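The structure displayed is predicted, hence computed values, not measured ones.
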Amino acid sequence: MPFHSEVYRTSLALLTDLYELTMAAAYFKSGLADRESIFHLTFRSNPFQGGFAVCAGLGPALDCLSDLRFDESDLAFLAQQRGADGKPLFDPAFLDRLRSFELSLDIDAIPEGTLVFPHEPLVRVQGRILEAQLIETALLNFINFQTLIATKAARVCLAARGEPVIEFGLRRAQGIDGGLSASRAAYLGGCAGTSNVLAGKLLGIPVGGTHAHSWVMLFEDELEAFRAYAKALPNNCTFLVDTYDSLEGVRHAIEAGRELRANGHELLGIRLDSGDLAYLSIQARRLLDEAGFEKTRILASNDLDETTIDSLKEQGATISTWGVGTRLVTGYDQPALGGIYKLSAVKGADGIFQHKVKLSEQAAKISTPGKLQVRRFNPAAEYAGDMIFDELLPMTGSTLFIDPEDITHRKAIPEGTPYQDLLVPVMRGGKRVGPAPTLLESRARAQEQLGHVHSGIKRFLNPHRYPAGLEKGLHDLKTRLVLEARRLPV
């Protein structure tokens, strides 16, 4: 059962901004509610000044949309809303329309775990404009946050260079849902497990943890604390060694480890949570190895992120497991992805779609018109680039694509190069299409995708720019529409 159904016991139809409902009411009163439209969910720049993003959040979003209904308590709340004149904001006829609301949209999306890049549509929504408008905020809420955290997790795991990363962030996450969503996205992005037991239960993520300083402080001395813990949980002994003196704590852990071994168990690890982690891990490794505990792992925590882990690796730290909390689950150095949801086409009375474009003084904020698809070219082990094209336009046969923010950045792909179109059907007529990928499958997809991009795209400082842009015919159409809207010569 989807975890949102387990956590939330009430309708989520009002998980939206008020303006979605006021626009829906206006569409209804204007006779436009059933006008067929196309929207796209995109983002404008890679998070964390990086070279990629990992698409995430689609699964929970579709779970939410699959049973989206307005119950009587929702309708009663909306009936209580008042306009500036004190009269009801919503007409009874509109509320009756919501009472019978049932999603009938066609939705195509890029599968979770796929690497994505600026201006590419992650989700395409087609159908009645009233419905398409009402789901905007929910889609953005699910996909913005989880894509942000999955991307952060992927970066942290890249820094760890194959060593396991455990997500430790529940206590610092933004609420219950923030904690669950972050655990899900972090696992999808590459983390090996979580400390979040509820996420483990609902999502099947491996759970792990050690003990806190309070356990050690409860006893008269550290060695006594370790011995008591080993007696209570002999098959789960990773000792936190920095309560008083880290290296002395390692020596105490070794002594308790010898007693564990004598009773048929092993010291699984020690955890460092403060101080000079590079120096302490090197010294701890020496002490452990000299005492015959070569297989005992050294786990480190303490406000870690990808840049800190990368630095520790460069300093020769002998840490073999990484506990990453606050800076992972909060997207520490970038609080939001900045995903957007824009109208790109509307069907006219003649049954033909009319292209729509939103203007801005900033090139990055000009929307792309049409019914968009993303074609990823993969000639060999490494992806060659992504071309965004419009399914409403006849294909020119050209594989030249142009960066929407800089027309001097363009790439031509040789004819006959293998490709894959990334947006796939996930809903038709408001119903799910096919079985949803498991979280484990989406996690594996992210790892596989990271193996197909140039290492320069994955670096943290000044990453290489992955080639992605608009197919030439779409670029030319967009340019013409912008010039016409600004009443400039075409």
Side-chain angles (χ1 to χ4, degrees), residues 36-45 55 106-110 114-127 132 340-379 383-425 465-490:
E36 189 169 356
S37 62
I38 300 174
F39 286 79
H40 294 94
L41 189 157
T42 63
F43 65 96
R44 295 180 177 129
S45 60
C55 186
D106 291 345
I107 300 179
D108 295 77
I110 294 179
T114 305
L115 294 195
V116 287
F117 303 92
H119 307 292
E120 296 182 345
L122 309 190
V123 182
R124 185 178 73 207
V125 176
Q126 181 172 341
I340 54 175
Y341 184 84
K342 298 298 179 186
L343 177 69
S344 60
V346 175
K347 187 172 282 189
D350 57 3
I352 298 173
F353 273 106
Q354 303 164 2
H355 289 83
K356 297 292 181 179
V357 64
K358 178 255 178 193
L359 300 189
S360 172
E361 296 301 314
Q362 300 171 254
K365 289 192 172 185
I366 299 176
S367 66
T368 301
K371 182 178 181 179
L372 305 180
Q373 175 62 276
V374 182
R375 180 161 292 176
R376 176 159 294 167
F377 293 95
N378 45 347
Y383 298 142
D386 292 359
M387 181 176 74
I388 305 166
F389 66 95
D390 180 5
E391 293 183 354
L392 301 176
L393 294 177
M395 291 291 286
T396 62
S398 169
T399 55
L400 174 67
F401 49 91
I402 302 165
D403 189 323
E405 295 183 45
D406 184 348
I407 62 172
T408 66
H409 288 171
R410 49 184 64 199
K411 183 164 184 172
I413 302 293
E415 189 175 347
T417 299
Y419 64 82
Q420 177 186 16
D421 289 345
L422 299 185
L423 287 157
V424 297
R465 188 176 183 129
Y466 180 82
L470 307 183
E471 183 265 336
K472 187 178 184 303
L474 176 57
H475 173 268
D476 292 345
L477 171 68
K478 179 178 177 177
T479 301
R480 178 173 62 80
L481 291 175
V482 170
L483 292 174
E484 289 175 352
R486 288 176 172 163
R487 299 179 181 175
L488 296 172
V490 176

Residues passing the side chain to side chain donor-acceptor pair (under 3.5 Å) test with Lys472, sequence neighbours excluded, are Asp476

For Tyr419, is the OH atom crowded, meaning more than 12 foreign heavy atoms sit under 6.0 Å from it? no

Can you give me the closest heavy-atom contact between [X] and [Y], atom names plus distance?
X      : Y      : result
Arg375 : Phe389 : NH2-CZ, 3.6 Å
Leu359 : Val482 : CD2-CG2, 3.8 Å
Val357 : Ser367 : CG2-O, 3.2 Å
Ala363 : Pro404 : CB-O, 4.4 Å
Pro369 : Leu481 : CG-CD1, 3.8 Å
Leu474 : Thr368 : CD2-CG2, 3.9 Å

If a pair satisfies salt bridge (Lys or Arg N to Asp or Glu O under 4.0 Å) and one of its residues is in [range], list it, with sequence neighbours excluded.
range            : result
residues 397-413 : Asp403-Arg465
residues 114-127 : Asp108-Arg124, Arg124-Glu391
residues 478-490 : Arg480-Glu484

By side chain to side chain contact (heavy atoms under 4.5 Å, CB included), Thr417 pairs with (sequence neighbours left out) Phe377, Pro379, Ile413, Pro414

List the residues meeting side chain to side chain contact (heavy atoms under 4.5 Å, CB included) with Tyr466, not counting sequence neighbours, and say none if there are none.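 Once residues adjacent in sequence are excluded, the partners of Tyr466 under the side chain to side chain contact (heavy atoms under 4.5 Å, CB included) criterion are Phe117, Arg376, Tyr383, Asp386, Val453, Ile457, Ala468.
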
Give every donor-acceptor pair under 3.5 Å between a side-chain atom in residues 342-350 and any protein atom, sequence neighbours left out.
| residue | atom | partner | partner atom | Å |
| --- | --- | --- | --- | --- |
| Ser344 | OG | Ile38 | O | 3.2 |
| Ser344 | OG | His40 | ND1 | 3.0 |
| Ser344 | OG | Gly370 | O | 2.7 |
| Lys347 | NZ | Glu36 | OE1 | 3.0 |
| Asp350 | OD1 | Ile352 | N | 3.0 |

Euclidean distance, [Y] [atom2] relative to [X] [atom1], rounded to 0.5 Å:
X      : Y      : atom1 : atom2 : result
Leu470 : Leu372 : CG    : CG    : 8.0 Å
Gln373 : Leu423 : CD    : CG    : 4.5 Å
Arg44  : Ile340 : CZ    : CD1   : 3.5 Å

Side chain to side chain, Ile407 and His475, heavy atoms closer than 4.5 Å: yes

Can you find a pair of side-chain heavy atoms, one from Pro121 and one from Val374, that are under 4.5 Å apart? yes

Write out all pairs satisfying side-chain hydrogen bond (donor to acceptor under 3.5 Å, both in side chains) with one or both partners inside residues 353-365, taking only residues at least two apart or from two chains.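 side-chain hydrogen bond (donor to acceptor under 3.5 Å, both in side chains) check on residues 353-365 returns His355-Asp390.
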
Under the ring pair (Phe, Tyr, Trp, His ring centres under 6.0 Å) test, which residues partner Phe39, sequence neighbours left out?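 Scan of Phe39 (ring pair (Phe, Tyr, Trp, His ring centres under 6.0 Å), adjacent residues dropped) gives Tyr341.
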
